[in-house]
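Below: the structure, in structure tokens.
Atoms considered below: every heavy atom in the structure, side chains included; atoms not considered: hydrogens, waters and symmetry mates. So you know, we letter chains A, B, ... as the sequences are listed, proteins then strands, and number each from 1. This one's a predicted model, so the numbers in the text were calculated from it and none came from an experiment.
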2 protein chains.
Amino acid sequence: MIKPQFKLDNQLCFRLYTASRLITQAYHPMLAEQGLTYPQYLVLMVLWEKDAQPVNDIAKRLRLETNTVTPLLKRMETEGFLTRSRGREDARQIIVKLTKKGRDLQEKLADVPEAIGSSLLCESVTPATIPSLYAMLDGIIHQLQNKQTNQ
Amino acid sequence: MIKPQFKLDNQLCFRLYTASRLITQAYHPMLAEQGLTYPQYLVLMVLWEKDAQPVNDIAKRLRLETNTVTPLLKRMETEGFLTRSRGREDARQIIVKLTKKGRDLQEKLADVPEAIGSSLLCESVTPATIPSLYAMLDGIIHQLQNKQTNQ
DNA sequence: ATTATTTATATCGTTCACGATGCAAATATA
DNA sequence: TATATTTGCATCGTGAACGATATAAATAAT
């Protein structure tokens, strides 16, 4: 018999993994319309918050490695969403800036967050319960983040 | 100025995406010790629950596509964790069975769920709050699952 | 001023994840 | 029984993720 701790239905990580994949799939048709993937959409959100950032800052904000972000940014540059240029002050840095096409996507995608958000609502996920969901996920992220960086 | 709905800190999906990646990273050292990846560990849990399943049932249980699971299973076969054989009743099916090596991993990994589980605990994530976290994640998964299959 | 170390980014190799498509076995229909 | 459709799995191409490693610029140490 399987040990109970191994039952999939007792696994938090499997739920997170599945929920994350399914939401990404839910985004897909709306983002694909603009030629974007979900990670690319995350990069846009980082740059909409603050334009002209070095690769490292973008990676840190998304908690990704630079070796994940670099090719992602290159693809987005090829698509004309942003530009990559050597930093003048520090020649090691690559400064990433939005193009007009990249900035304009904020208008074109304006309805996406609301569409996704409302599609998730159900009995256990409501405007009243979402703050506690955020708090628990932030707790998990904070907990694991420390573990990583302390080593 | 950025529209507030685009702020990363207001995004549920980004939290799920990050939490999922960080937990997978937390599993990594323990699984790598046995030559496993996290998705491969999920496959093992499916087969520990019920051995000798066709590819399709494993994919459905993990909510993955067969074109993701097939190469995953092939790698696990190469590593000697399982066998793949044509179904006798239905020759289209590939029946996946654990080897002794695959079954024995349940003992070797016995402490993993507890190690991961306890490493996540924090102020907002406690044995008392985890059921509501499960309920919300299950709600999201159920909601999106329906959306997919209804189309 | 040299040399050593750190930092910022990139390259490489492997493993997912998935949309699109292909193929053969099984089943349904004519 | 012949043909059409469905089903189960696989192949292909692209885009992440990430560990390991490389490279060049910046900074620290000698």
- So among A:T37, A:L42, A:L44, which one has a side-chain contact (heavy atoms from CB on, under 4.5 Å) with A:Q40? A:T37

- Message: Side chain of B:R75, heavy atoms from C-beta onward: which of C:dA17, C:dC16, D:dA26 has the nearest atom to it?
- Response: C:dC16

- Note on the structure: Side-chain contact check for A:I94: nearest option of C:dC16, C:dA10, C:dA24 is C:dA10

- Item | Presence of salt bridge, A:E79 and A:K101, under 4.0 angstrom | no

- Query: If you round to the nearest 0.5 Å, how far is CD of B:E77 from NZ of B:K97?
  - Reply: 12.5 Å

- Task: Please report, rounded to the nearest Å, how far the P atom of C:dT15 is from the OH atom of A:Y17.
- Result: 15 Å

- On DNA chain D, nearest-nucleotide positions of A:E79 versus A:E89: which is more 5'? A:E79

- Item | Interatomic distance where CZ belongs to B:F81 and P belongs to C:dT15 [whole Å] | 12 Å

- Message: Need one value for B:P54: base, sugar-phosphate or nothing, where a base atom within 4.0 Å counts as base even if backbone is also close, heavy atoms only.
- Response: sugar-phosphate

- Message: If you assign B:D90 and A:D90 each to the DNA chain C nucleotide with the nearest heavy atom, which residue ends up on the more 5' nucleotide?
- Response: A:D90

- Query: Heavy atoms under 4.0 Å, any strand shown: does B:T37 hit a base, just sugar-phosphate, or nothing?
  - Reply: sugar-phosphate

- Item | Listed nucleotide nearest any side-chain atom of A:T66, set D:dA17, C:dA17, C:dT9 | C:dT9

- Query: Have B:Q93 and B:R86 got a donor and an acceptor in their side chains that come within less than 3.5 Å?
  - Reply: no

- Task: Scan A:R84 against the nucleic acid and name what it touches under 4.0 Å (heavy atoms): base, sugar-phosphate only, or nothing.
- Result: sugar-phosphate

- Query: According to a strict under-4.0 Å criterion, is A:Y38 in side-chain N/O contact with OP1 or OP2 of D:dG15?
  - Reply: no

- A:M76 CE to D:dA16 C1', in whole Å, measures 13 Å

- Message: With a 4.0 Å cut-off on N to O distance, would you call B:K3 and A:E107 a salt bridge?
- Response: yes

- Message: In this structure, how many angstroms lie between the P atom of D:dA17 and the CG atom of A:L73, rounded?
- Response: 13 Å

- Compare the minimum distances between each of D:dC18, C:dA26, D:dG8 and the side chain of B:A91, then state the nucleotide with the smallest one. C:dA26

- Message: Can you identify which nucleotide, out of C:dC16, D:dA10, C:dG19, has its nearest atom closest to the B:Q40 side chain?
- Response: C:dC16

- Rounded to the Å, how far apart are B:E65 CD and D:dC9 C1'? 12 Å

- Query: Do A:E49 and A:R61 meet the salt-bridge criterion of a basic N to acidic O distance under 4.0 Å?
  - Reply: yes

- Query: Is the base of C:dT9 touched by the side chain of A:R92 through a donor-acceptor pair closer than 3.5 angstrom?
  - Reply: no

- From D:dG19, C:dA10, C:dA17, nucleotide with atom closest to A:V55 side chain: C:dA10

- Task: Provide, to the nearest angstrom, the distance between the CD atom belonging to A:Q93 and the C1' atom belonging to D:dA26.
- Result: 11 Å

- Task: Whole angstrom is fine here: how far is it from CG in A:L36 over to P in C:dC18?
- Result: 18 Å

- Query: Base, sugar-phosphate, or nothing: which does B:R86 touch, judged by heavy atoms less than 4.0 Å apart?
  - Reply: nothing

- Within the structure shown, what part of the strands sits under 4.0 Å from B:N67 by heavy-atom distance: base, sugar-phosphate, or nothing? base

- Query: How is B:K60 classified with respect to the nucleic acid when contacts are heavy atoms under 4.0 Å: base, sugar-phosphate, or nothing?
  - Reply: nothing

- Item | Spacing between B:Y27 atom OH and C:dT15 atom P, to the nearest angstrom | 21 Å

- Query: Which comes earlier along DNA chain C counting from the 5' end, the contact point of A:H28 or that of A:T70, where each point is its nearest nucleotide?
  - Reply: A:T70

